[in-house]
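Below: the structure, in structure tokens.
Within every chain, numbering begins at 1; the chains are lettered A, B, ... in the order of the sequence lines, protein sequences first and strands thereafter.
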Amino acid sequence: MKERVPEPSMPDPDVWVDQYGDYLHRFALSRVKDPSVAEELVQETFLAALRSQENFQGRSSPRTWLIAILKHKIIDYYRKKRHEEPRDDLESFTDSPDHFFNEKGSWEIRPNKWSTNPTKVYEQREFMEVFYRCVSELPERLARTFMLREMDGLSTEEICKILNITATNCWVILYRARMNLRQCLELRWLKLT
Amino acid sequence: MTEARWMKHWMFNCKDVSKKVSESLDRKLPFHHRAMIRMHLMMCKFCWRFRKQMLILREISQMTDLPGESLDPAFALSAEARSRIKNVINSAIE
């Protein structure tokens, strides 16, 4: 007979902060740079979790469930914030990847061969730390768009709505984010290997 | 149109290819763009590498919730925030 795996249960709310507070806070800080906003988002996440505790059905771990709530809170925050930010003016940004190419459009800074495939060395914490640091060092707008797209798996249409940008600008931002990130990984990590 | 100029018109350079490869991760490109990328990739090992690395970037991103797992104590909740949030939760329960 198959042994029944106990479903993860939600601990009492009075231990939430000690158990999950730091994790949620670090996650929030990776998405919003302002520590006071990150704290606020963590607090809102716990309050929302409190209101909808009965929806926790033990299909995922409590931490995963809380992160899912936090992700929604972060998206709400981006939505509110988009009105305060200047409209798209991509030309004024200094993150353009033009310097990677010469005037003929050929590589000036050529992509190096990656001797190790980092996806095969996922256990190597070192690499993931470098990856995370490179993402967090991207200009905020690039980082935000990149994480919504690649880590949260949202479509460009969804991202356009949340950030109030056009699809074309979204593609440009993602391109710049990927170019910067690739370069950062190459400089920081691949030299170590 | 001379042959060289004609070729240029129908071929992407590395800069174009890098943009289009990135775009292809976000939407389905028209057939002729995909064909032009393929043609360029067959001849250019740097763009080939670039494309492979873009796919690796995508794969890595989907593998991780790492931001939450970072061990850097600088990113932990401060003692003040911790007790403030606890108070808010407690008063919400009562």
- Would Tyr23(A) end up clustered with Leu50(A) when hydrophobic side chains under 4.5 Å apart are linked, directly or stepwise? yes
- Item | In one Ile/Leu/Val/Met/Phe/Trp/Tyr side-chain cluster, 4.5 Å: Leu163(A), Leu174(A) | no
- Query: Has Arg34(B) got more than 12 heavy atoms of other residues, nucleotides or ligands less than 6.0 Å from its CZ?
  - Reply: yes
- Message: Hydrophobic cluster membership, with links at side-chain heavy-atom distances under 4.5 Å among I/L/V/M/F/W/Y: are Leu41(A) and Met151(A) in one?
- Response: yes
- Note on the structure: What one should report as the nearest heavy-atom pair of Glu39(A) and Ile85(B) is O-CD1, 4.0 Å
- Rounded distance (nearest 0.5 Å) linking atom CD of Gln62(B) with atom CD of Glu150(A): 6.5 Å
- Message: Counting C-beta onward and ignoring hydrogens, is there a side-chain heavy-atom pair between Asp18(A) and Arg82(B) closer than 4.5 Å?
- Response: yes
- Are Trp171(A) and Phe101(A) in one and the same hydrophobic cluster, where Ile, Leu, Val, Met, Phe, Trp and Tyr link if side-chain heavy atoms are under 4.5 Å apart? no
- Message: Taking side chain as everything from C-beta outward and backbone as N, CA, C, O, which of these in Phe146(A) sits under 4.5 Å from a heavy atom of chain B? Side chain, backbone, both or neither.
- Response: side chain
- Task: Pick one of side chain, backbone, both or neither for Arg178(A), based on which atoms fall under 4.5 Å of a heavy atom in chain B.
- Result: both
- Please answer: with hydrophobic residues joined when any side-chain heavy atoms are less than 4.5 Å apart, are Val17(A) and Ile93(B) in the same cluster? yes
- Item | Which atom of Thr156(A) lies closest to which atom of Asp26(B), heavy atoms considered | OG1-O, 3.6 Å
- chain A interface, residue from Ala92(B), Ser22(B), Ser78(B) that has the most non-hydrogen pairs under 4.5 Å: Ser22(B)
- Region of Tyr175(A) in contact with chain B, defined by heavy-atom distances below 4.5 Å: both
- Query: Between the side chain of Asp22(A) and the main-chain N/O of Leu77(B), is any donor-acceptor distance below 3.5 Å?
  - Reply: yes
- Please flag which part of Leu47(A) lies under 4.5 Å from any non-hydrogen atom of chain B: side chain, backbone, both or neither. side chain
- Query: If you round to the nearest 0.5 Å, how far is CG of Asp14(A) from CD1 of Ile89(B)?
  - Reply: 9.0 Å
Expected list for residues 44-57 of chain B: side-chain donor-acceptor pairs under 3.5 angstrom, two or more places apart:
from: Arg49(B); atom 1: NH1; to: Pro111(A); atom 2: O; distance (Å): 2.9
from: Gln53(B); atom 1: OE1; to: Arg182(A); atom 2: NH1; distance (Å): 2.7
from: Gln53(B); atom 1: NE2; to: Asn112(A); atom 2: O; distance (Å): 2.7

- Item | Trace of the side chain to side chain contact (heavy atoms under 4.5 Å, CB included) decision for Ser18(B) with Phe100(A) | CA-CA 10 Å; Ser18(B) 68; Phe100(A) 285 100; over 6 Å; no
- Value rounded to 0.5 Å, distance of CD in Glu40(A) from CZ in Arg84(B): 8.0 Å
